[in-house]
Amino acid sequence: MILDARVLDPEFVPREVVHRDSEVDALSNALSPVTDGEPADTALLFGPSGTGKTCLARYTVGQLRETVIDVRTQYVNCWQNYSRYRVLYSILEGLDRTIDIHRQSTPTDVLLERVQAYDGPPFVVVLDEVDQLEDTGVLYDLYRTHGVSMVLVANREEDLFAGLDDRLVSRLHGSQRVRFEKYGVDELAAILRARVIRGLTEDAVDDANLRYIADAAAGDARIAISTLRTAARVADRQGMDSLPESVIVDAVPEAREEIQRKNLDQLKPHQKVLYEIIEEHETIAPGTLYERYREQVADPRSDRTLRTYLNKLATYDLVVPEGENRGRIYRLASQES
DNA sequence: GTTCCACCGGAAACGGGGGACC
DNA sequence: GGTCCCCCGTTTCCGGTGGAAC
């Protein structure tokens, strides 16, 4: 039943972007100077998870490469590349200039010098999840680098600007902003339909079931596509030639669990211990949490490190901190009231 | 109103791991 | 092989915040 599994991959960039025409136009306009060999202004993409920001950024930059011969591009995920060093290294990878750079011994300044020495055609850098950067100074570095144009992707404008250097904030003031709203059920169903046409056999799933998936995903395309993929995999394994409603209904919670499992798999052992302690209690105060943690591990980390871990868990949407100061408690995101 | 205390997070220091250089 | 340098995860230190207790 599955003809092309890549289409159901969360990273897949389709040949046509559905229901985001105005956003594509806005980003294309922002990048239009590149078609004349000039650097473009910084573009900022904001919106909740699963609204198509990353997909649209990759799609638009891909289109640019098809129409402009002389342009270079690089995609950097700031979640994985959160330090100044890693961002610069990743950018140099896009320029094929990492030969003789050693990740353990070459100073950051050398990487920056090498980026700033770039004198080729316009270079467009997409910095995804840019609000996850631990050192945002690299944005100022890049802003001042001639020939480099940035597309910054983040969930919330306030979160991004809160962490930025004042000089950069004022310079980004006039930048092109593209805002993404959650998809409606019809829009999500159309996105799924486009994937079904390219990835599954004809009539593998009817419109009513696609709308069911779209409705359950609550505006999040990532969850919708994950649900479709989970259902297709199950049906394919069982030798079915279409997706029955029962398989789709089961796939809805499974897809959410799969996303959560993937997040859990990325945790370090000590972070997992914290997660499991919070899981055991409905809610838990920080002091008690630290105490239980120290009881369970042989080589406990300091409380300060635990606070860093807990912030990480919150960023992964696994744990929710509630209240301030002495009233602070932690609970699992899946048990949110 | 004042003091105490739990909690948060920034900044600087520290140390491990790893590569370059002699 | 020894030394130097670098990044990065962690620790230490500490000031800020705000609710509780007096």
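Within every chain, numbering begins at 1; the chains are lettered A, B, ... in the order of the sequence lines, protein sequences first and strands thereafter. Being a predicted model, the structure only gives us computed values, none of them experimental.
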So which of D207(A), V205(A), L228(A) actually passes side-chain contact (heavy atoms from CB on, under 4.5 Å) with L192(A)?
L228(A)
Taking 4.0 angstrom as the limit, do R294(A) and D299(A) come out as a salt bridge?
no
Does any non-hydrogen side-chain atom of V13(A) lie less than 4.5 Å from one of T54(A)?
no
I need a per-nucleotide contact map over nucleotides 15-22 of chain B, read 5' to 3'. Cutoff is protein heavy atoms under 4.0 Å; write B for the base, S for backbone only, - otherwise.
--BBSS--
Please examine the side chains of R144(A) and D141(A), heavy atoms only from C-beta on, and report whether any two atoms are closer than 4.5 Å.
yes
For Y82(A) and for T106(A), find the nucleotide of DNA chain C with the closest heavy atom, then tell me which residue's nucleotide is more 5'.
T106(A)
Looking across every strand, which nucleic acid part, if any, lies under 4.0 Å from Y89(A) by heavy atom: base, sugar-phosphate, or nothing?
nothing
With no hydrogens and no angle check, do the side chains of T35(A) and S32(A) hold a donor and an acceptor under 3.5 Å apart?
no
Going 5' to 3' through nucleotides 7-14 of chain B, assign each nucleotide B (protein heavy atom under 4.0 Å from a base atom), S (under 4.0 Å only from sugar-phosphate atoms) or - (no protein heavy atom that close).
SBBB----
Would you please test V178(A) and F46(A) for side chain to side chain contact (heavy atoms under 4.5 Å, CB included) and show each step?
CA-CA 6 Å; V178(A) 187; F46(A) 298 113; over 6 Å; no
I'd like to know if E157(A) and R179(A) make a salt bridge, using a cut-off of under 4.0 Å between side-chain N and carboxylate O.
yes
Please list, in 5' to 3' order, the outermost nucleotides of DNA chain C lying under 4.0 Å from any heavy atom of chain A.
dC6(C) to dG19(C)
Indicate yes or no: does D9(A) engage R229(A) in a salt bridge with an N to O separation below 4.0 Å.
no
Within the structure shown, what part of the strands sits under 4.0 Å from T308(A) by heavy-atom distance: base, sugar-phosphate, or nothing?
nothing
Among H281(A), E276(A), E280(A), exactly one meets side-chain contact (heavy atoms from CB on, under 4.5 Å) together with R292(A). Which residue is that?
H281(A)
Does the Lys NZ or Arg CZ of R86(A) fall within the cation-pi geometry relative to Y82(A) - under 6.0 Å from the ring centre and within 45° of the axis?
yes
